[in-house]
Amino acid sequence: MTVRLRYAPSPTGHLHIGGARTALFNYLYARHCGGAFILRIEDTDIDRHVDAAAEEFAQNLRWLGIEWDEGVFQGGPHAPYSCMERLPIYARYVQELKDKGLAYECFCTEDELAEAANAQVQAGEMPHYSGRCRHLSESERDAFRAQGRTPTIRLRVPDAHTVTFTDLVRGPLSFDSRSTGGDYRIVKSNGIPVYNFAVVVDDHLMEITHVIRGEEHISNTPRQLYVYEAFGWEAPRFGHVSLILGENGKKLSKRDESIVQFIEQYKELGYLPQAIFNFLALLGWSPEGEQELLGHDELIQQFDLNRLSKSGAYFDAAKLSWMNAQYLRAHDLDDLAGLAKPYLMRCVETAPWTKADSWQRELVALYQDQLTCLSELPEAARAFLSVDVEWSSEARACLRTETGALVAGQFTEMLRQLSDPITPDSARELLKSLGQKTGTKGKDLYFPVRAIATGELHGKDLNRTLALLGHSLLYARAQAALAFVSESE
Ligand code: GLU
């Protein structure tokens with residue numbers, strides 16, 4: 001059997017880490033089995049529809065490295081792939097159920113339904129549809145229409161009926177029709193089918209074999225199974241993956257601002273998609289061994305449904321930062337420099353030397369092993385990205401010492417006389433002769449130089465730092481430092 005899986009987001013906002021994880025699990029399993037992965041947009045909830053959300057989903061999925069074989073923005077044999085373009089298809093199937101007496105028009109108003117539900121709750125019952133419109137005659141329906149009521153359409157769910165399925169994650173589950181609310185609306189009064197109906201028609205027509213989705217959809221599954229039964233269709237296998245938990249161990253709330261939750265935000269922060277891909281794959285699934293850093297192909301090879309976890313998946317933001325740092329270190333430098341460019345270009349106006357590609361590449365090389373995400377670069381490398389530098393109190397104290405002032409004075413003089421550009425090699429020679437001229441070495445030599453160059457006593461490789469700052473910036477800083485030292489004397 002060729003497996004076919006899909007991710008079917010509703011375009012109601014940005015791509016959330018939970019949605020991205022669902023997409024990823026479906027994608028990984030489809031690829032693992034050599035099957036197909038489909039992207040479908042479930043946009044029947046027109047009140048919550050957000051323009052351009054589908055485009056953003058698609059862009060973010062592609063950014064993560066999740067490609068689909070069929071679907072929106074791609075096409076395929078089952079097009080169209082967004083629900084609102086499939087309304088005529090649903091209408092045909094609704095008609096089929098009506099013709100078979102398995103669906104019917106319901107004229108109950110919201111108030112009447114609420115009243116009936118209240119009465120049931122008072123009587124200690126689970127709220128369920130009373131079946132009031134199940135057996136309306138043609139003339140009763142006409143009378144309701146004459147009152148200006150617009151019907152919804154309900155699926156006739158057999159009374160006292162139990163559906164059972166074996167969840168790929170949770171094992172056998174069963175639900176009875178009372179607990180699921182009895183006959184339910186498959187078409188709203190605006191004529192648009194509800195998710196629980198459209199999803200079945202689409203999954204059936206698109207020959208979906210496995211549905212992996214969040215635990216919050218478990219309660220939808222029996223309602224979908226009633227539709228499969230009504231048509232006599234075989235249902236796909238369902239697997240409901242565990243909730244994502246926040247740091248407090250409770251279900252992660254989209255409003256919890258202590259955790260970055262949208263893929264778009266990670267993109268802006270300069271996370272690498274490969275790291276997020278890896279991290280999300282381990283959020284509720286684990287490989288057989290202990291290895292945590294797993295690339296795209298390794299994950300495809302190892303992913304299976306047996307190792308999906310039943311218990312909640314704790315979102316460990318520190319682990320994601322660690323993982324991203326590992327990916328940044330291992331990343332191709334030229335590519336990384338390209339990714340860092342947007343962050344560095346923000347400094348170009350005030351620090352024009354930062355514009356050159358080769359300069360940016362060197363800067364990124366210097367900081368590659370220190371960053372957890374690329375947006376940290378401007379702050380981490382601030383001494384390189386502006387004309388002025390702020391001296392830390394340690395740097396000030398160092399420049400005020402006798403040796404500090406001596407080294408600073410001599411260093412400035414050497415810079416004044418220097419005409420060649422500084423390279424890491426020439427910087428080494430420069431420091432050697434500075435040491436000789438001032439009779440200093442070790443910290444006595446390097447601390448004042450570093451203080452002048454960066455305003456700090458500690459930092460990255462000093463030779464590369466001096467080369468990257470360049471002669472004129474260093475000279476200007478040295479003069480400023482000298483002036484500052486003499487002022488404070
Ligand atoms: N549109 C649903 C959602 O965004 C998809 C549910 C499903 O996969 O069946 O959660």
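Ligands are counted one by one from 1 in listed order, and the atoms in each one are counted from 1 as well.
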All pairs passing side chain to side chain donor-acceptor pair (under 3.5 Å) where residues 81-90 contributes a residue, at least two apart | Glu70-Tyr81, Ser82-Glu85, Arg86-Asp202, Tyr90-Asp202
Please collect all ring-ring contact (aromatic ring centres under 6.0 Å, His included) contacts where either partner lies in residues 100-130, sequence neighbours excluded, each pair once.
-> Phe107-Phe144
Please state which part of Tyr195 comes within less than 4.0 Å of ligand 1, counting heavy atoms only: side chain, backbone, both or neither.
->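 Only the side chain of Tyr195 comes within reach of ligand 1.
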Starting from [atom], what is the nearest protein heavy atom, named by residue and atom, and what distance separates them?
| atom | result |
| --- | --- |
| atom 5 (C) of ligand 1 | Ala8 O, 3.1 Å |
| atom 4 (O) of ligand 1 | Ser10 N, 3.3 Å |
| atom 1 (N) of ligand 1 | Glu42 OE1, 2.6 Å |
| atom 10 (O) of ligand 1 | His217 NE2, 2.8 Å |

Output yes when [X] and [Y] qualify as a salt bridge under the 4.0 Å nitrogen-oxygen rule, no when they do not.
| X | Y | answer |
| --- | --- | --- |
| Arg31 | Asp69 | yes |
| Arg40 | Asp203 | yes |
| Glu96 | Arg92 | no |
| Lys267 | Glu56 | no |

Please could you name the atoms of ligand 1 that Arg6 approaches to less than 4.0 Å, counting only its heavy atoms?
->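 The list of qualifying atoms is 7 (C), 8 (O), 9 (O).
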For Arg213, atoms of ligand 1 separated by under 4.0 Å from a heavy atom |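 Reading through ligand 1 atom by atom, the close ones are 7 (C), 8 (O), 9 (O).
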Val199, any N or O under 3.5 Å of ligand 1 N or O | no
